[in-house]
Amino acid sequence: MKTLIGANWKMNPGSFTEARDLSRGFTVPESQEVEVVVFPPAVYLRELADAFPHLLWGVQNIYSEPTGAYTGEISTRMVRDAGAHYVLVGHSERRRLFGETDEMVSKKAAAALSKGFRVVLAVGEFEKGTGIDAVVESLKRSTQGLDEGDLSRLTIAYEPVWAISTSKNREDATPGYVEEIIGILKDKLDVRYIYGGSVKGQNAADFLRARDVSGALVGGASLKADEFNVIIKQAGSLDS
Ligand code: PGA
């Protein structure tokens, strides 16, 4: 199973020029076993994907319907035309700030998978100590109805929201904790799992070495090329 290192830029950087400079600074992984996927703001995608074809590109969100009266939304076909290989769905900021439910997330995942995209679907508890049951339930509902045949293109990002760098009262998740939770999730749904929550150059290797963790979704640290390159490098040297 390949290792996926995802750069989730969220609503950053503030201009296309900065986005281009940042992309230019990313190193291509030496190992064929590492995929680097950048999720920029969708308006930057076309030009970035054209300029940097050696990276994989994704979008941070899509809508599940193919066309129609959905002001402000973008479809799978539009993002394919813009150069996306990957679609991210269910990020906690979409869920918390924009009211996305598990049901909406499963429809988005199904729409993207049925069109041949690779999908990263995020789940994770909002508060520390709220228990694994809610995460398992969310995973079940968010993946309900997905075609078995499409699951080889599905990656689950486990992101405990309390460990995300911008969370209020943020705390570090430990690799042991992440390993335990992902082990439980993988028992329920056997696909590729990655971890997200304050992954940096300094701690990446510890998370990437945890059992059943096949990569990382990186927010803040992906906005600094040097820092992100350290993470890519760590992913490439896991076997050594
Ligand atoms: P972070 O963000 O790396 O800044 O914690 C991760 C995410 O929200 O996907």
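Counting starts at 1 for both ligands and their atoms, in listed order.
- Closest non-hydrogen pair, E227 versus G201, comes out as OE2-N, 2.8 Å.
- Taking the side chain to side chain donor-acceptor pair (under 3.5 Å) definition, one finds that S23 meets it with nothing, sequence neighbours left out.
- Centroid-to-centroid, the aromatic rings of F26 and F228 come within less than 6.0 Å.
- Protein residues lining ligand 1, listed by chain and number: N8, K10, H91, E159, I164, S165, G197, S198, L217, V218, G219, G220 [non-hydrogen atoms, distance under 4.0 Å].
- Apart from L88 itself, the hydrophobic cluster it occupies contains L4, V37, F39, L56, Y86, V120, I194, L217, where clustering links Ile, Leu, Val, Met, Phe, Trp and Tyr at side-chain heavy-atom distances under 4.5 Å.
- The side-chain contact (heavy atoms from CB on, under 4.5 Å) test with T27 singles out one residue from N229, L55, V230, and that residue is N229.
- Annotation: ring-ring contact (aromatic ring centres under 6.0 Å, His included) contacts of F52 (sequence neighbours excluded): none.
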